[in-house]
2 protein chains.
Amino acid sequence: MVTIKDIAKATGVSPSTVSRVIADNSRISEETKAKVRKAMEDLGYFPNMTARNLAVKSTKTIGVILPSSADKSLQNPFFSEILRGIGSVTHKLQYSMMLSSGQTEEEIYAEVQRIVLGSYVDGIILLYSRLNDRVTQFLVEKGFPFVIVGKPQELNDRITYVDNDNIQAGEDITSHLIETGHNRIAFIGGAKDLVVTIDRMQGYTNALKKADIPILEEYLIHTEFLKSGGKEAVEKILRLPERPDAVVVSDDLISIGVIGMLEESGLSVPEDISLVSFNNAYLSEIIHPALTTIDIQIYKLGVESAKAIIEKKIGIDDPKRIIIPHYIIYRDSVKRNS
Amino acid sequence: MVTIKDIAKATGVSPSTVSRVIADNSRISEETKAKVRKAMEDLGYFPNMTARNLAVKSTKTIGVILPSSADKSLQNPFFSEILRGIGSVTHKLQYSMMLSSGQTEEEIYAEVQRIVLGSYVDGIILLYSRLNDRVTQFLVEKGFPFVIVGKPQELNDRITYVDNDNIQAGEDITSHLIETGHNRIAFIGGAKDLVVTIDRMQGYTNALKKADIPILEEYLIHTEFLKSGGKEAVEKILRLPERPDAVVVSDDLISIGVIGMLEESGLSVPEDISLVSFNNAYLSEIIHPALTTIDIQIYKLGVESAKAIIEKKIGIDDPKRIIIPHYIIYRDSVKRNS
DNA sequence: CTGTTAGCGCCTTCAG
DNA sequence: CTGAAGGCGCTAACAG
C-alpha cells in the first residue's frame, strides 16, 4: 500500500505537506501541489480512509436500519426505492451507506449499538417506527444524530423525521372515491400497529365524515400482506348485504393481493368495485388494471432523510418535521359512478 | 469517549492487557479478565472499530454493489431479498455491509474504486454482471476479493460466482409446459444483454429442440420491464396466425405486466394462454392467477455469496462456481391441455 | 501471565 | 509556505 509517506519521499516534501495537498490547503504553493499530485498519480496513491477517520473522528458514513427482516414487508419495493434515494445523496456527497438489520427487534437493537458505539457511522436513518422502540430511545439518550422515515409515535418533539401527510393523503384519495360517486367504501390496511396504516385510515374516516357517510365497522379490515388468511376476510366483506362499491387499500403491494382475491370471487376492478391505494410503486403501473394511487414520492423521502442527517442541520436541539407532498395518480382502477 | 487507556488506568493494568481481554486471550488470568470486564461495564467502554481496523488492516465490512440505479430493475424485489440473505450472514459473523451504487456505470466504477482503494471494505459482492465490465476488470487486476452473483461472461476461470443453473431452469420450466400439452410456446425476456435472460432463453430453446418443436423467431420477444412500449410487442405476438398457447417469461415482475397486457387484449391466463416464469417473488404468490414459477432461492444466493467472500475460501487462485439449486413451484398459471 | 514499545496512516498544532 | 512532533485508539511483537 502506498502511503502519504511514500509520496512525501518521492517528492522530497514532508508528509504533512502531502496531507495539506490532499485537503487542498490554501497555503501550499500551486507548484508543490502540482508536484505532489503528480506523484500521487504516478504512484497510484489513494488515501486510507480508516486512518483518516481515526484522525478526524468521523466516518462519513451513515447507517440505514431496516425493519426486522422477519417482516415480510421487506419485500415491499418501498425499500429499494428509498435506498435509491438515500444512495443518491450519500453518493453525491461522498458518503457511504451502511445497511443493517436483524431478524428480531433484539438483534436490531444490538446492531445499532454495535455501529454507533463502535463509531461505524456518523448518523442513522431509521426505516421504521414502532411504538415504544428501544432503538429510538437509545439514540435520543445517546444524543446520537438520527432521523426517522415515517412518523415517530413518541418523543415527537425531540426527534427529526421525514414523512408524508398520510392523514391528508387518506382523505384525498377517499374523497376522490366519493366524488366519483361511491358511497359504500371499505378500507383494507396492513398491520394495524403501523402509524402509516393508522394515519391513512384516519384520513379515510375523515373523508367519510365530511361527506356524512356513516363509518361501518364491518368495512374496516386489517391484514398482513394478504395471503390465504386475508382471503377469507375479503370474501367476507364482499358478502355483506351492503357490499362495498369501492375500497381504499393502504399499500400497492396489498392491492395486488386484493385484486387477485376479488377476481377469484368473481368481481372485477373497477367494473364491480373500485380500488385506490398508496405508494405508486412501479407495480401499480404495470398491473391490470393500472392503479389509481397516491404517489408519496418514496425516492424523495430517501433523499430528504439523507440530507437531513448529513447536512447535520439537525441537532438534538432543533428537531425538524419534513413533510413530503403527495399527489394522486389517476389511472384505471376507479369507475365513475356519475 | 472512554478508551482502552481509561479502563487500563481504572483497573491498574496496562492497555495491552485490556486489549487482550477484549480478544479473550487465553493467557490472561480469569481474575484480571473479570476485573477488567467489570471496569468496561462500569465505564461504558466500547471498542472503537476505526482504530481497531487501522491496527489490524481489516474492516470486517463487505461492499455490495447494486446495478446502476437508473435501471428500473432495481425495483425488482430480487434485490431486497438478496440483501436479506447477505445481511443474515454479515450479521451473524459480526460483519457490516456497505451498500453502494451509482446512476451510471461510470459512477459505479468510481464508487468501487473509492471503497476498495480507500480500504473501506474487505471484499465485494457484485449484484450484476455486465459484458466487458470495468469494475470486474479492476477487481481482478487489483487482486481484490470479490464474488459475482450471476454468471460472469468473461474471465470465467478467474472469478468466483454464485448463480443458478439458469439454462437448466429454463429447460425445466419449458418442458413442464410441453408436458402439459403446449406446443406453441413463446418467450418473453428482459434486457437481452443480461446473461440471466440469455441463459433462460437458451434453456427454453433446448427444451423445444428436445421435443422437436420448431423455434420461431416471432415467438421471441425482448423488452425492458414492459410498459407502453412492450405492450405493442405483446399484442403483436398475439395476433400472429399461430398464436402461442403458452409463454415463458423470464421474471415474475415482468409476468405481472404481461398478464395485465394479455387481459387487456382479452385473453386470460391460463384459460387462453398459459404462463410460467422465474424467481418466485412474493408477488407471484398473491397475484391472480398465482404463478407457476421457478424458485431460484434468492435468499440463499445472498447467503452463499456472503459466505464466499467472508470465509475467504476464495483466493484469486481458486475461483469457485457455486450453483444454487432451483425447483418448480406449481401454481395456477398453467392449463393442462391433455 | 503482564508490561513496554512500536507502529497502523493520516491530521494538526506549533514552530519557523 | 513548509517541517517536526505528537496523537487518534487499538494491536502486536518483544521482553520479562
Side-chain angles (χ1 to χ4, degrees), chain A residues 1-40 43-61 94 96 114-122, chain B residues 1-40 43-61 94 96 114-122:
Chain A
M1 162 172 272
V2 30
T3 82
I4 216 172
K5 280 183 185 168
D6 297 320
I7 98 103
K9 202 159 295 172
T11 34
V13 299
S14 79
S16 37
T17 299
V18 177
S19 176
R20 287 185 181 110
V21 173
I22 294 173
D24 200 16
N25 188 309
S26 57
R27 19 179 231 188
I28 296 287
S29 72
E30 282 308 323
E31 43 181 343
T32 43
K33 272 188 187 172
K35 191 171 57 178
V36 170
R37 282 185 182 131
K38 180 166 185 330
M40 300 202 294
L43 303 193
Y45 169 78
F46 219 89
N48 180 314
M49 284 313 175
T50 308
R52 160 180 258 270
N53 289 343
L54 179 57
V56 303
K57 287 174 171 317
S58 143
T59 58
K60 300 250 287 176
T61 110
Q94 299 257 316
S96 301
R114 189 177 74 86
I115 69 178
V116 342
L117 264 14
S119 320
Y120 276 102
V121 298
D122 289 349
Chain B
M1 161 171 273
V2 30
T3 81
I4 216 172
K5 281 185 186 168
D6 297 320
I7 99 103
K9 202 160 295 173
T11 34
V13 299
S14 80
S16 40
T17 299
V18 178
S19 176
R20 287 183 182 111
V21 174
I22 295 173
D24 200 17
N25 188 309
S26 57
R27 23 179 226 187
I28 296 287
S29 73
E30 281 308 323
E31 43 182 342
T32 43
K33 271 189 188 172
K35 191 171 57 178
V36 169
R37 282 184 183 133
K38 178 164 186 332
M40 300 202 295
L43 303 193
Y45 169 78
F46 218 89
N48 180 315
M49 285 314 175
T50 309
R52 159 180 256 271
N53 289 343
L54 178 57
V56 303
K57 287 175 171 317
S58 143
T59 59
K60 301 251 285 177
T61 111
Q94 300 257 316
S96 301
R114 190 177 72 86
I115 69 177
V116 342
L117 264 11
S119 320
Y120 275 103
V121 297
D122 289 349

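All chains are named by letter (A, B, ...) in the order of the sequence lines, taking the proteins before the strands, and each is independently numbered beginning at 1.
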A.B. asks: If you measure only the distance, is there a donor-acceptor pair under 3.5 Å linking the side chains of B/R114 and A/S96?
C.D. replies: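 Yes, a side-chain donor-acceptor pair sits under 3.5 Å.
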A.B. asks: Could you tell me the separation between the CG atom of B/N25 and the P atom of D/dA12, rounded to a whole number of Å?
C.D. replies: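 My rounded result for the distance is 10 Å.
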A.B. asks: Just to confirm, is there a sub-4.0 Å distance from OP1 or OP2 of C/dG3 to any side-chain nitrogen or oxygen of B/S16?
C.D. replies: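 Indeed not, no polar side-chain atom of B/S16 lies that close.
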A.B. asks: Could you walk me through whether A/Y45 and A/I22 satisfy the side-chain contact (heavy atoms from CB on, under 4.5 Å) test, starting with their C-alpha distance in whole Å, then the side-chain angles of each, then the deciding distance to 0.1 Å, before giving a yes or no?
C.D. replies: CA-CA 11 Å; A/Y45 169 78; A/I22 294 173; 3.5 Å; yes
A.B. asks: Which heavy atom of A/T11 sits nearest a heavy atom of A/A39, and at what distance?
C.D. replies: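 Closest approach of A/T11 to A/A39: CG2-CB, 3.5 Å.
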A.B. asks: Quick one: which of C/dT12, C/dC14, D/dG9 gets closest to the side chain of A/R27?
C.D. replies: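 Nearest to the side-chain atoms of A/R27, counting from C-beta on, is C/dC14.
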A.B. asks: Which part of the nucleic acid does A/S29 contact within heavy-atom distance under 4.0 Å: base, sugar-phosphate only, or nothing?
C.D. replies: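 Sugar-phosphate contact only - A/S29 comes under 4.0 Å of backbone atoms but never of a base.
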A.B. asks: Measure the distance from CG on B/L54 to P on C/dC11 and round it to the nearest whole Å.
C.D. replies: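 Going from B/L54 (CG) to C/dC11 (P), I get 12 Å.
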A.B. asks: What integer distance in Å separates A/R52:CZ from C/dG9:P?
C.D. replies: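 To the nearest whole Å, that distance equals 16 Å.
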A.B. asks: Name the nucleic acid region contacted by A/P47, choosing base, sugar-phosphate or nothing; use a 4.0 angstrom heavy-atom cut-off, strictly under.
C.D. replies: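 It contacts sugar-phosphate atoms only.
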A.B. asks: Can you see whether B/T17 engages B/S14 through a side-chain donor-acceptor pair at a distance of less than 3.5 angstrom?
C.D. replies: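 Yes - a donor-acceptor pair under 3.5 Å links their side chains.
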A.B. asks: For a salt bridge (Lys or Arg N to Asp or Glu O under 4.0 Å) check, start with the C-alpha distance between B/K57 and B/D122, then their side-chain angles and the critical distance, and finish with the verdict.
C.D. replies: CA-CA 9 Å; B/K57 287 175 171 317; B/D122 289 349; over 6 Å; no
A.B. asks: Whole angstroms only, please: what is the CG-P distance between B/N53 and C/dC10?
C.D. replies: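 After rounding, the gap between these two atoms is 15 Å.
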A.B. asks: Would you mind classifying the nucleic acid contact of B/V13 as base, sugar-phosphate or nothing, using non-hydrogen atoms under 4.0 angstrom?
C.D. replies: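 Since only primed, P, OP1 and OP2 atoms lie under 4.0 Å of B/V13, the category is sugar-phosphate.
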A.B. asks: Looking at B/T17, does any N or O in its side chain come under 4.0 Å of the phosphate oxygens OP1/OP2 on C/dG3?
C.D. replies: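 Affirmative; the distance criterion is met.
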A.B. asks: Taking atom types as they are modelled, would you say the side chain of B/R20 forms a donor-acceptor pair with the base of C/dT4 within the 3.5 Å cutoff?
C.D. replies: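 No, the side chain and the base share no sub-3.5 Å donor-acceptor pair.
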A.B. asks: So, OP1 or OP2 of C/dC10: does either fall under 4.0 Å of a side-chain N or O from A/S19?
C.D. replies: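 For C/dC10, neither OP1 nor OP2 has a side-chain N or O of A/S19 closer than 4.0 Å.
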A.B. asks: Name the nucleic acid region contacted by A/T32, choosing base, sugar-phosphate or nothing; use a 4.0 angstrom heavy-atom cut-off, strictly under.
C.D. replies: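 Sugar-phosphate contact only - A/T32 comes under 4.0 Å of backbone atoms but never of a base.
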A.B. asks: Between atom NZ in A/K5 and atom C1' in D/dA4, what is the gap in whole Å?
C.D. replies: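 Interatomic distance, NZ of A/K5 to C1' of D/dA4: 13 Å.
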A.B. asks: Where do B/T59 and B/M49 land on the side-chain contact (heavy atoms from CB on, under 4.5 Å) test, with the steps shown first?
C.D. replies: CA-CA 8 Å; B/T59 59; B/M49 285 314 175; over 6 Å; no
A.B. asks: Looking only at side-chain atoms of A/A51, point me to the closest of D/dG9, C/dC10, D/dT11.
C.D. replies: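 Among the listed nucleotides, the one closest to the side chain of A/A51 is C/dC10.
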A.B. asks: DNA chain C: A/T3 or B/P15, which has the more 5' nearest nucleotide?
C.D. replies: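 Here B/P15 is the residue nearer the 5' end.
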A.B. asks: Need to verify one output field. Residue with the more 5' nearest nucleotide on DNA chain C, B/K33 or B/A55?
C.D. replies: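 Looking at DNA chain C, the more 5' nearest nucleotide goes with B/K33.
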A.B. asks: Does a nitrogen or oxygen in the side chain of B/K57 sit under 4.0 Å from OP1 or OP2 of C/dG7?
C.D. replies: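 For B/K57, the contact criterion (side-chain N or O under 4.0 Å from OP1 or OP2 of C/dG7) is not met.
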A.B. asks: Take the protein atom CG of A/L117 and the nucleotide atom P of D/dC10, then report the distance between them rounded to whole Å.
C.D. replies: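 After rounding, the reported distance stands at 12 Å.
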A.B. asks: Measure from CD1 on B/I7 to P on C/dT2 and round the result to the nearest Å.
C.D. replies: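 It works out to 13 Å between those atoms.
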A.B. asks: Specify the separation, in whole Å, of atom CD of B/E31 and atom C1' of C/dT2.
C.D. replies: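 Nearest whole value for this atom pair: 12 Å.
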A.B. asks: Using a 4.0 Å heavy-atom cut-off, does A/T50 contact any base of the nucleic acid, only the sugar-phosphate backbone, or nothing at all?
C.D. replies: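 No contact.
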